[in-house]
Amino acid sequence: MAATPKTVRLNNGKQAELFTYNGQVPGPTIDAVEGQRVTVHFTNNLPEATTIHWHGLPVPPDQDGGPEDLVPPGGRRDYTFDVPVGSAGTYWYHPHPMDLTAGQVAKGLAGAFRVRAGADPVPSTFRDTLVMLSDLRLTADGRVSPGTQADKMNGREGDLVLVNGQVMPTLSWNPGEGRRLRVINASAARYYRLALPNHTLHQIGTDGGLFAKPVAQTELLLAPGERAEMLVQATGTAGTQSVLQALSYDRGVHVMPMGSSTPMSSAAPMDHSMHGMSMGTQASDGGGGGLPLMRWQYGMAAPAPMASIPALLRAVTPIATAGATPHAVVFTENMMTLDFRINGQKYQAGRADFVSKLGVPEIWQVENRGDMDHPFHLHGTQFQILDRNGVAEPFVAWKDTVNLRKGDVTRLAVQFDRYPGLRPFHCHILEHEDLGMMGLVRVE
Ligand code: C2O
Ligand code: CU
Ligand code: CU
């Protein structure tokens, strides 16, 4: 795989000067089966240093493409790791060089990484369908816009939202068919509250693979970095269409009110005018008022018998937390000074915030004392959400990214099972991460 600058023609006819993996945006999808060893021969053809990070996969620290493990311009290296049994799920890869991550992702660097189970409980009648969500903000002459001060506060949202690198692609299906969606939020800061009007989203999994059983929903929120797997049945009639869309979501972005030099959160009560600011500029349609992402077009074929949703998926064992070691992670922000911290400190290479012991269960209490949403992400292992604001999580699931709204306190069960070394945890709004809202845990 090579990271290379390239002028890409988008399906809306526009040219865009992007950073690509192998000339593609998104990069090539990597498919692996549990238990396999993966080796990626990587060449950096960019004019700046980069890394590839395997978001969500439990790879050894020296293969994880961390913030200091740079591949210089013109450099090459191999990434080699095992994809363990039990890790089947939907992951992704992206650059992670300190200070440069947001800029490189804004230029298009990201790709999907699917891990399949040896024995998959989901019938193959549900066709595997990748939905990789990203966004671009381009100048009139097709360059990626330079970041603004507001981007540093809020994280950049591009106004051009792409599904698998395309503006508003069409998926064709027939009544009775089933699809297995693997949705990845590869945007630096944009949240997606997904809905497909008149269809039920049977969520079957999240960051670290399948749930124990499906959960039926009408909408589903994905923060930056998060993934969801869902089954969708073609319950509509021949010749009709439905539009997958992102409904409005207020993540508390900060704005400079007229005549003031003090940023304010959109979540503040007097600032309703900015509600829905994250909607972008694509025209709204599809009968739901959301941002249209992808057209689902019904063909004219005679209805097939409806693919049925499996009742059970797999066993998900809770981490035993009796007597677990506690750790605290507190997000704070100062928008005036663009100061984003964890536990009162900014990221510093090599400085661990605390120590975790291999094989020992822990409870991490993560708290957002900022004014806007911050998605917490941990490298090196999946975790389980125990509770949010004192409310027990309804079921056990494997996660590597969890969103925290302003004021939220969430408790996570964490247990590192393999590989000692330093592991980053950070806010997955990439501008915040680059500005130092990142810590390290030393796993021993
Ligand atoms: Cu998706 Cu530390 O990153
Ligand atoms: Cu990661
Ligand atoms: Cu943040």
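These numbers were taken from a predicted model, which means no experiment stands behind them. We count ligands from 1, going down the list as the structure has it; atoms in each ligand are counted the same way. One is the number of the first residue; the rest follow in order along the sequence.
Its N, O or S atom nearest to atom 1 (Cu) of ligand 1 is what matters here, and for His428 that atom is NE2. Nearest N/O/S atom of His377 relative to the Cu ion (ligand 2): this is NE2. Restricting His96 to its N/O/S atoms, the shortest distance to atom 2 (Cu) of ligand 1 is reached by NE2. Restricting His55 to its N, O or S atoms, the one at the least distance from atom 1 (Cu) of ligand 1 is ND1. Shortest distance from atom 1 (Cu) of ligand 1 to His94 is reached at NE2 (N/O/S atoms only).
For the Cu ion (ligand 2), the set of nearby N, O or S atoms under 2.8 Å includes one belonging to His53. Residue His377 does not count as close to atom 1 (Cu) of ligand 1, with no N, O or S atom under 2.8 Å. At a threshold of 2.8 Å, atom 2 (Cu) of ligand 1 has a backbone or side-chain N, O or S atom of His379 nearer than that distance. Checking His426 against atom 2 (Cu) of ligand 1, an N/O/S atom falls under the 2.8 Å cut-off. With a cut-off of 2.8 Å, atom 1 (Cu) of ligand 1 has no N, O or S atom of His53 in range. Note on His428: not counted as a metal contact of the Cu ion (ligand 2), no N/O/S atom lying under 2.8 Å.
Residues Gln149 and Asp151 bring no donor and acceptor atom of their side chains to less than 3.5 Å of each other. Between the side chains of Arg179 and Thr129, at least one donor-acceptor pair of N or O atoms lies under 3.5 Å. For Tyr21 and Thr4, the side-chain atoms include no donor-acceptor pair closer than 3.5 Å. Glu48 and Gln104 form a side-chain donor-acceptor contact under 3.5 Å, judged by distance and modelled atom types alone. Side-chain contact check for Thr218 and His199: no donor-acceptor pair (N or O, by modelled atom type) lies under 3.5 Å.
Centroid-to-centroid, the aromatic rings of Trp364 and Phe425 come within less than 6.0 Å. Two rings, from His428 and Trp92, have their centers less than 6.0 Å apart.
The existence of a salt bridge linking Asp31 and Arg116 is confirmed by a sub-4.0 Å separation between a basic side-chain nitrogen and an acidic carboxylate oxygen.
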